[in-house]
2 protein chains.
Amino acid sequence: MGTMKRRSVPTSEELAIWRAHIETFEIVRARIEARLHQDSQLSSGDYRVLLALSEADGKSMRSSELAAHIQWERSRLSGQLGRMERRGLLRREPCAEDARGANVVLTDEGARAFRASTLPHLRAVKEVFVDAFAPEQLAQLGEATGAMRSHLNLDARP
Amino acid sequence: MGTMKRRSVPTSEELAIWRAHIETFEIVRARIEARLHQDSQLSSGDYRVLLALSEADGKSMRSSELAAHIQWERSRLSGQLGRMERRGLLRREPCAEDARGANVVLTDEGARAFRASTLPHLRAVKEVFVDAFAPEQLAQLGEATGAMRSHLNLDARP
DNA sequence: TCAATGTGATTGACACGTGAATCATGCGGC
DNA sequence: GCCGCATGATTCACGTGTCAATCACATTGA
């Protein structure tokens with residue numbers, strides 16, 4: 001049997017697919033974020049935080065719990081919360097059980113803003129992302145995503 | 001025939017595919033960029049600019065020409081060039097034909113840095129992206145990307 | 001008790017992105 | 001020539017991301 005040498009670099013076709021993929025879906029993300037911003041004055045970060053808080057018991061969470069839940073750096077969350085607090089979307093209050101910690105609480109205004117943003121946002125996802133594909137193709141895309149996740153060993157147990 | 005009402009929002013499966021896709025490939029991008037940075041001390045922005053300049057006639061380009069080529073906002077490019085110039089990767093010199101313009105010139109150091117970065121970068125693309133998929137699957141991903149590009153009307157002639 | 005260490009959270013320095021404003025130069029028509 | 005507008009490029013203010021440093025409080029063990 002001949003010696004097999006595995007290519008260590010992509011073929012030009014593979015490289016083209018990589019570049020097209022990353023560039024294209026960067027644009028998709030930007031478009032959907034732009035719609036969110038126009039429709040609801042929310043950034044994707046805002047939305048992510050509001051989504052998590054909306055689903056939380058008592059519409060509130062410990063800051064570090066929130067960071068873990070959405071898988072953000074703590075300092076990133078800190079800045080985000082600061083901006084959102086300035087805009088009145090949430091409140092941070094000292095934590096009774098642990099004086100170091102902070103409870104992040106969704107305000108009524110934050111809840112309202114999130115509620116109002118949901119439908120337009122989902123519509124944007126449908127129009128910009130989902131509608132680009134035939135059903136079969138979307139399923140394949142889901143499978144490819146799954147293959148990537150297992151390649152990267154995401155979804156690994158804690 | 002019954003009245004057909006087209007869903008205006010994604011099904012939960014479609015939404016899950018969207019979220020998984022965007023999250024997963026965000027991580028892919030971050031990993032490949034991290035490798036580039038570790039291997040070569042270059043950001044993806046640096047790489048993009050160096051790639052364009054390397055391919056340019058005379059290793060130099062007018063600033064606006066460069067911006068158009070890589071499809072960047074002019075102000076974004078301005079900042080990027082400033083940082084890269086400070087690091088000695090390129091030079092900006094006044095333009096003879098048009099005193100408003102600037103010529104961006106790749107320095108020897110910039111050329112060297114780019115050359116050294118190429119192979120490790122391609123390896124990273126292969127290992128992190130390409131190797132995640134079966135060949136058939138990668139082709140499907142390419143087709144899905146194409147579908148998205150035509151959905152967004154990218155690739156439209158100027 | 002209290003020093004050592006761990007943990008929750010913020011801060012600071014910087015890289016990077018966008019859009020609006022600015023500034024200088026080119027250029028067409030009078 | 002020169003006024004007005006177009007164009008090349010940078011600057012500014014701000015949002016957003018990272019990492020390292022910091023600070024306050026908690027916990028633990030001699």
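It should be emphasised that the depicted structure is a prediction, and the values quoted were computed from it without experimental measurement. Just so we're on the same page: letters track the sequence lines, and every chain starts at 1. Because only heavy atoms are used, hydrogens play no part in the values below, and waters and symmetry mates are left out as well, while side chains stay in.
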* Give a yes or no on whether A/Gln71 atom CD has more than 12 heavy-atom contacts from other residues, nucleotides or ligands under 6.0 Å away. => no
* Minimum-distance pair of heavy atoms, taken over all atoms of B/Phe114 and B/Thr118 -> O-OG1, 3.0 Å
Roughly, in whole Å, what's the span from [atom1] in [X] to [atom2] in [N]?
{"X": "B/Gln41", "N": "C/dA15", "atom1": "CD", "atom2": "C1'", "answer": "15 Å"}
{"X": "A/Leu42", "N": "D/dG15", "atom1": "CG", "atom2": "P", "answer": "14 Å"}
{"X": "B/Glu26", "N": "D/dT16", "atom1": "CD", "atom2": "P", "answer": "15 Å"}
{"X": "B/Leu81", "N": "D/dT10", "atom1": "CG", "atom2": "P", "answer": "7 Å"}
{"X": "A/Leu36", "N": "C/dT18", "atom1": "CG", "atom2": "P", "answer": "17 Å"}
{"X": "B/Glu33", "N": "D/dT18", "atom1": "CD", "atom2": "C1'", "answer": "12 Å"}
{"X": "A/Gln80", "N": "D/dT18", "atom1": "CD", "atom2": "C1'", "answer": "15 Å"}
{"X": "B/Leu77", "N": "D/dT11", "atom1": "CG", "atom2": "C1'", "answer": "14 Å"}

* **Contact check, side chains of B/Ser117 and B/Leu36, non-hydrogen atoms, under 4.5 Å** =>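 Yes, at least one pair of side-chain atoms sits under 4.5 Å.
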* A/Val105 and A/Arg92, any side-chain heavy atoms less than 4.5 Å apart -> no
Any salt bridge linking [X] with [Y]? Criterion: basic side-chain nitrogen under 4.0 Å from a carboxylate oxygen.
{"X": "B/Glu109", "Y": "B/Arg112", "answer": "no"}
{"X": "B/Glu85", "Y": "B/Arg91", "answer": "no"}
{"X": "B/Arg29", "Y": "B/Glu33", "answer": "yes"}

* To do: Return the nearest nucleotide to the side chain of B/Glu73; candidates are C/dT25, C/dG19, D/dA9.
  =>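 Ranking C/dT25, C/dG19, D/dA9 by closest atom to the B/Glu73 side chain puts C/dG19 first.
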* Asked: Any donor-acceptor pair under 3.5 Å between the side chain of A/Ser75 and the base of D/dC19?
  -> yes
OP1 or OP2 of [N] under 4.0 Å from side-chain N/O of [X]:
{"X": "B/Arg74", "N": "C/dT18", "answer": "no"}
{"X": "A/Arg86", "N": "D/dG15", "answer": "yes"}
{"X": "B/Arg83", "N": "C/dC14", "answer": "no"}
{"X": "B/Arg76", "N": "C/dG19", "answer": "no"}
{"X": "B/Ser43", "N": "C/dC16", "answer": "yes"}

* Using a heavy-atom cut-off of under 4.0 Å over every strand shown, decide if A/Arg92 touches base, sugar-phosphate, or nothing. =>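 If one applies the 4.0 Å heavy-atom cut-off, A/Arg92 turns out to touch the sugar-phosphate alone, with no base involved.
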* To do: Check every strand shown and say whether A/Ser78 touches a base, only sugar-phosphate, or nothing at a heavy-atom separation below 4.0 Å.
  =>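 Base contact - A/Ser78 has a heavy atom under 4.0 Å of at least one base atom.
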* Hey, which sits more toward the 5' end of DNA chain D by its nearest nucleotide, A/Trp72 or A/Glu97? =>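 Its nearest nucleotide being more 5', the pick is A/Trp72.
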* To do: With DNA chain C as reference, determine whether B/Arg87 or A/Ser64 sits nearer its 5' end, using the nearest nucleotide of each.
  =>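 Per heavy-atom nearest nucleotide, the more 5' residue is A/Ser64.
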* A/Asp46 and its side chain to side chain contact (heavy atoms under 4.5 Å, CB included) partner, picked from A/Gln41, A/Arg87, A/Arg83, A/His37 ->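 Among A/Gln41, A/Arg87, A/Arg83, A/His37, the one meeting side chain to side chain contact (heavy atoms under 4.5 Å, CB included) with A/Asp46 is A/Arg87.
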* Within residues 100-108 of chain A: residues closer than 4.0 Å to DNA chain C (heavy atoms) ->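 Under 4.0 Å from DNA chain C: A/Arg100, A/Gly101, A/Ala102.
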